[in-house]
Amino acid sequence: MASTLLAETPRGGFSFENCCRNQFFEQKGIKAPTAYKTGTTIVGLVYKDGVVLGADTRATEDTVVADKNCSKIHYISDNIYCCGAGTAADTEMTTQMISSQLELHRLNTGRTPRVCTANRLLKQMLFRYQGHISAALVLGGVDSTGPHLYSVYPHGSTDKLPYVTMGSGSLAAMAVFERGFKPNMEKEEAKKLVRDAIAAGIFNDLGSGSNVDVCVITKDKVDYIRPFDEANLKGQRQGSYRYKKGTTAVLKTEVKKIPFEVVKKTVRAEPMETV
Amino acid sequence: NIPYPSVRPQPDGSQEIKLPEGPYGVPDVMLNGIQSSKAKLGSVHPLEYSEKHWHENKQKMDFAMLRNTQGIHMPLRLQMEKNVAQKINRLPGMHSSNLMSDTLSGRDEMIDFEDILNNPADCEVMGDTHLLMDRRAGLL
């Protein structure tokens, strides 16, 4: 608690000052504003040369679509990207934090970062906050040891698998993957399968929608294709529906002069224009 | 073998609440404000306790591990270095860089929520420097 004259320097990090007040409000029946979630479908797939990540682009706030075209595939490092589901702010800040930490690590070691390092950093951070940071992530990248794909859950557990799906549309997408996945697929085949999985999520889950974003990571380069497929196009207007001028008949016209009163005159010097 | 403390962040635990002492054993309201143990004790959020003691607990765990693998000398030396580093700082009321403690603990190679949210360097409140020095000198 802040004392009057002998103030101690506060610690950094999260401040829990308002929790007491919020609890008091809850007891009185005043509801807190809800977080902006990304009810989502995110998927990842390991193919012959690397990793393909896919995501939809809808962000919801309870039952209203908050963002029709948000970007869910976040940059972690040049060879590692991460898709995020859960509370939008949490995924955004978590991925940015891990990206900074990984960059510092890279500058210290002088080597390209490994996907398992990013995984370990994420895992340790999420476990520290015991699931209160609601970020479910699909982490994929290619490093010196090959392509790797991890799924990270909000409480800090991770899985290393050849294909993963997360988010509210994960079941729909997983069904498509289970049917179509083969080890060592070609690039076009892998992209098509990812697109189909996200489309399954988009059309069968309320929380996912709009377009499909795809990110292909290989040893040499990253292809961030946004949008890969516009699955939901808004209807095009056929013509102009405005009323023509003169549709409403004019009955009477009266022109009046409004007398203005000069209140103030200011004279200002203007520099010469040399044109 | 010394048993290791728990890895999992604990939501509750015993903490010592120290109310400031003043003349006649009663805290001085002018300097410290109105104090209540209950306010300082209450942790509403399950993470509050674990965050407050995070660095302490991590260090306890590391020291237990070092004691078991390398012997008692290692944690003693590290603690000594840490104590020395903590004495190197600016006068009270001002923010010090803590360069040596950061290097010893590894914080100079790491970026965390503590560097972004509520950074003590950007604090908007500052105590009265003269009174803080008086307290440090034991005159208050």
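Remember, it's a predicted structure, so these values are computed and weren't measured experimentally. Here is the naming used below: chain letters follow the sequence lines, and residue numbers restart at 1 for every chain.
Taking 4.5 Å as the limit, some side-chain heavy atom of A/F16 sits within range of a side-chain heavy atom of B/L47. Counting heavy atoms from C-beta outward, B/E109 and A/L104 have side chains that stay 4.5 Å or more apart. Here the side chains of B/R8 and A/F127 are in contact, with some heavy-atom distance below 4.5 Å. Annotation: side chain of B/D112 is in contact with side chain of A/R128 (closest heavy-atom distance under 4.5 Å).
Of the inter-residue distances, the one linking B/H45 atom NE2 with A/S15 atom OG reads 11.5 Å to the nearest 0.5 angstrom. Note that CD of A/Q96 and CD1 of B/I111 are 10.5 Å apart. Values are rounded to the nearest 0.5 Å. Rounded to the nearest 0.5 Å, atoms OG (A/S100) and CG (B/D115) are 10.0 Å apart.
Within a 6.0 Å radius of NE2 in B/H73, more than 12 heavy atoms belonging to other residues, nucleotides or ligands are found. Remark: A/K160 NZ is packed, more than 12 non-hydrogen atoms of other residues, nucleotides or ligands lying under 6.0 Å away. More than 12 heavy atoms of other shown residues, nucleotides or ligands fall within 6.0 angstrom of atom CD1 in A/I225. Remark: A/F24 CZ is loosely packed, at most 12 non-hydrogen atoms of other residues, nucleotides or ligands lying under 6.0 Å away.
Both the backbone and the side chain of A/Q101 come within less than 4.5 Å of a heavy atom of chain B. Interface residue B/P46: only side-chain heavy atoms are found under 4.5 Å from chain A. With a 4.5 Å cut-off on non-hydrogen atoms, A/L121 touches chain B through its side chain but not through its backbone.
Here the shortest heavy-atom pairing between A/F14 and B/N118 reads C-ND2, 4.2 Å.
Heavy-atom pairs under 4.5 Å with chain B peak, among A/H105, A/Q23, A/Q130, at A/Q130.
Ring geometry for B/F113 versus A/Y129: interplanar angle over 60°, hence perpendicular rather than tilted (30 to 60°).
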